[in-house]
*Asks:* 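Structure incoming, see below.
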Amino acid sequence: MYETTVLIVGAGPTGLTLAIDLARRGIPLRLIDAAERPFEGSRGKGIQPRTLEIFDDLGVIDAIVDAGALYPKFRIHLGPFSLRAGSLGSARQPTVSVPYPNLWMVPQARTEGILCDRLNALGHRVEFGKELVTFSQQEQGVDATLSSGEKIHADFLAGCDGGRSTVRKVLGLRLQGEGLGEKPLLVADVEIQDLDRRDWHVWPLARGGMIGLCPLPNTSLFQFTSQAKSSEGDIPEIIRKITGHRVGRVAWSSVYQPAVRMVDRYRIGRVFLAGDAAHVHPPTGGQGLNTGVQDAYNLGWKLAHVARGGPDSLLDTYEAERLPIAAAVLGLSKRLYKTPTIRRGDATNQLALHYRTSSLSSGVTHGSLNPGDRMPDARLDDGSRLFDHLRGSHATEIVTPEGPRILIRPDGYIAHIGTTHFDEYAGEPTRQIRSSLSEFSLTPKSESKALQ
Ligand SMILES: Cc1cc2nc3c(=O)[nH]c(=O)nc-3n(C[C@H](O)[C@H](O)[C@H](O)COP(=O)(O)OP(=O)(O)OC[C@H]3O[C@@H](n4cnc5c(N)ncnc54)[C@H](O)[C@@H]3O)c2cc1C
């Protein structure tokens with residue numbers, strides 16, 4: 001039986017993020033995926049500002065920025081007329097505290113490819129064509145069985161295996177919530193001859209339901225979405241009839257039923273759920289992929305610490321911190337689905353999500369900073385950028401001239417504000433910075449409210 005420390009099931013954005021975070025800490029892992037080859041579709045194409053900060057920490061931000069673009073403006077087609085409307089995202093300039101202020105469009109397959117490259121550089125590979133069929137757990141670990149008959153013994157198992165998660169089913173957990181809309185949606189990546197690539201084209205009154213064609217950056221493809229009741233084979237004909245343009249190629253297509261559903265446990269013993277395995281979202285608001293990446297980023301440092309002998313109770317804080325966030329984000333996705341507004345604004349950028357009520361957050365407030373908040377970027381007294389100091393697997397302590405010490409967790413959230421000095425945090429020596437923090441501001445209160 002093959003032994004490893006963490007078996008990650010599912011190499012979507014969630015599983016890949018967790019694998020990178022563990023790999024950079026030197027934790028032995030295996031990452032298996034039932035698919036024979038990497039995913040090819042554009043699916044979750046909206047990367048939120050908070051996820052961009054995580055990608056900065058994980059060393060993939062340059063590739064993500066190169067691969068993507070700001071969201072284009074909508075072009076609404078009404079019979080023979082068309083008019084330009086706003087865009088889903090903002091086009092703000094970076095500030096000292098928010099270096100990535102805008103929603104960034106990258107086709108999901110490209111994001112996964114970039115994360116795969118990073119994982120390879122850290123000496124690990126996705127094992128495609130390996131499907132988990134079942135597992136059992138004992139006090140000492142988890143015994144997993146793959147469809148090939150291969151057995152893997154792991155200290156921990158992470159179910160990042162998407163909406164139809166086998167891990168969730170074996171645990172006996174159910175996704176609870178509701179389906180949205182009466183009919184499934186059709187989504188596809190298509191090449192279309194002579195259609196203007198500057199705009200996201202929408203036909204709101206198309207027969208059978210709204211149709212959209214969004215140009216995907218650095219490709220010749222558009223993401224096609226349709227509420228019309230039709231099958232994948234009908235796509236070229238639907239597009240020709242409604243737009244008058246011919247489809248050159250359908251590169252990928254899928255049908256799905258929008259829903260808001262989640263589990264009520266993220267951890268059972270040595271097994272964890274993350275990403276779509278734990279919560280499924282409608283595409284409105286672009287929250288699904290982002291919430292999964294952030295689950296993985298919350299779990300990674302905790303798993304690494306406990307795997308090296310840290311207290312097991314640290315792993316309980318994963319569910320305590322992430323489950324309420326999934327509930328809040330699902331509520332937001334549902335509101336956006338039911339009352340669509342074009343501009344999403346700050347409610348969806350995930351910068352104001354916080355762990356203020358977590359048992360890991362302690363101490364007093366300092367200016368607008370609270371224990372549990374995302375630490376904003378800042379310009380330090382020596383001219384350097386705070387996020388450059390946070391990058392890596394360690395925690396960071398800032399000592400300000402007034403004496404408060406601000407302890408920042410490895411995932412960028414404030415653990416403690418006060419006078420206590422921490423030599424180490426989660427098994428690694430803390431890095432110390434002495435600087436004032438004059439030039440920063442936290443996300444305004446109105447943004448935090450939007451997510452509560
Ligand atoms: C049209 C559309 C638009 C979307 N837009 C956005 C957006 O703009 N922003 C956003 O954040 N999200 C968006 N989403 C949602 C996003 O695509 C998902 O939330 C995201 O893919 C979830 O990532 P994941 O890694 O948790 O799961 P997945 O991406 O589903 O990956 C799960 C992986 O597990 C593997 N697997 C499954 N079962 C097994 C098994 N038994 N053994 C081994 N491997 C297994 C699968 O092969 C798969 O590779 C959109 C979704 C759709 C459909």
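When reading the values below, keep in mind they use all heavy atoms of this one structure, side chains included, and skip hydrogens, waters and symmetry mates. Counting convention: from 1, in listed order, for ligands and their atoms alike.
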*Asks:* Is Ala277 in polar range of ligand 1, meaning some N or O pair under 3.5 Å apart?
*Replies:*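 Between Ala277 and ligand 1, no N or O pair is found under 3.5 Å apart.
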*Asks:* So, regarding Asp276 and ligand 1 (criterion: nitrogen or oxygen to nitrogen or oxygen, under 3.5 Å), is there a contact or not?
*Replies:*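 Yes; the residue has a nitrogen or oxygen that sits under 3.5 Å from a nitrogen or oxygen of the ligand.
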*Asks:* Give the single entry among Leu103, Asp161, Val133 that approaches atom 36 (N) of ligand 1 most closely by any heavy atom.
*Replies:*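 Going through Leu103, Asp161, Val133 one by one, Asp161 has the nearest heavy atom to atom 36 (N) of ligand 1.
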*Asks:* Judging by distance only, is a nitrogen or oxygen of Glu131 under 3.5 angstrom from one on ligand 1?
*Replies:*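 N/O-N/O distance under 3.5 Å: no.
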*Asks:* Does an N or O anywhere in Pro283 fall below 3.5 Å from an N or O of ligand 1?
*Replies:*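 No.
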*Asks:* Please verify the inter-ring angle class for Trp252 with Phe39; under 30° counts as parallel, over 60° as perpendicular, anything in between as tilted.
*Replies:*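 Plane angle over 60°, so perpendicular.
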*Asks:* Run the numbers on Arg270 and Asp155 for salt bridge (Lys or Arg N to Asp or Glu O under 4.0 Å), then give the verdict.
*Replies:* CA-CA 7 Å; Arg270 293 176 164 269; Asp155 295 342; 5.2 Å; no
*Asks:* Hey, is ligand 1 close enough to Gly275 that some N/O pair sits below 3.5 Å?
*Replies:*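 There is no such contact.
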*Asks:* Could you tell me, atom by atom, which parts of ligand 1 come under 4.0 Å of a heavy atom of Gly288?
*Replies:*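 Going through ligand 1 atom by atom, the ones under 4.0 Å from Gly288 are 10 (C), 11 (O), 12 (N), 19 (O).
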*Asks:* Report yes if some N/O of Asp33 lies less than 3.5 Å from some N/O of ligand 1; otherwise report no.
*Replies:*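 Checking ligand 1 against Asp33, an N or O pair does fall under 3.5 Å apart.
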*Asks:* Below the 3.5 angstrom mark, is there an N/O of Leu289, backbone or side chain, next to an N/O of ligand 1?
*Replies:*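 Yes.
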*Asks:* So, Glu321 versus Asn298: side-chain donor-acceptor pair below 3.5 Å or not?
*Replies:*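 On atom types as modelled, these side chains qualify, holding a pair under 3.5 Å.
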*Asks:* Are any of the N/O atoms in Asn290 less than 3.5 Å from those in ligand 1?
*Replies:*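 In this structure, Asn290 places an N or O atom under 3.5 Å from an N or O of ligand 1.
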*Asks:* I'd like the name of whichever of Gly41, Gly162, Pro258, Gly163 reaches closest to atom 27 (O) of ligand 1 through any heavy atom.
*Replies:*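 Ranked by closest heavy atom to atom 27 (O) of ligand 1, first place is Gly162.
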*Asks:* Show the numbers, then the answer: is there a side chain to side chain donor-acceptor pair (under 3.5 Å) between Asp295 and Tyr266?
*Replies:* CA-CA 10 Å; Asp295 286 346; Tyr266 274 28; 4.7 Å; no
*Asks:* Is there any N or O on Thr166 that sits under 3.5 Å from an N or O of ligand 1?
*Replies:*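 Yes, there is a polar N/O contact under 3.5 Å.
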*Asks:* Mind listing the closest non-hydrogen atom pair of Ile27 and Val6 along with its distance?
*Replies:*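 Closest approach of Ile27 to Val6: CG2-CG2, 4.1 Å.
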*Asks:* Between Gln223 and ligand 1, does any nitrogen or oxygen pair lie at a separation below 3.5 Å?
*Replies:*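 For ligand 1, there is no N or O atom that lies under 3.5 Å from one belonging to Gln223.
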*Asks:* Between His281 and His279, what is the ring plane arrangement, given parallel below 30°, perpendicular above 60°, and tilted in between?
*Replies:*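 Ring orientation, 0 to 90° scale: perpendicular.
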*Asks:* Apply the salt bridge (charged side-chain N to carboxylate O under 4.0 Å, His left out) test between Asp373 and each candidate in Arg356, Arg409, Arg50; give the one that qualifies.
*Replies:*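 With Asp373 as partner, Arg356, Arg409, Arg50 yield a single salt bridge (charged side-chain N to carboxylate O under 4.0 Å, His left out), made by Arg356.
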*Asks:* State whether Phe272 and Arg267 meet the cation-pi test: NZ (Lys) or CZ (Arg) under 6.0 Å from the six-membered ring centroid, and within 45° of the perpendicular axis.
*Replies:*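 Not satisfied by the 6.0 Å and 45° rule.
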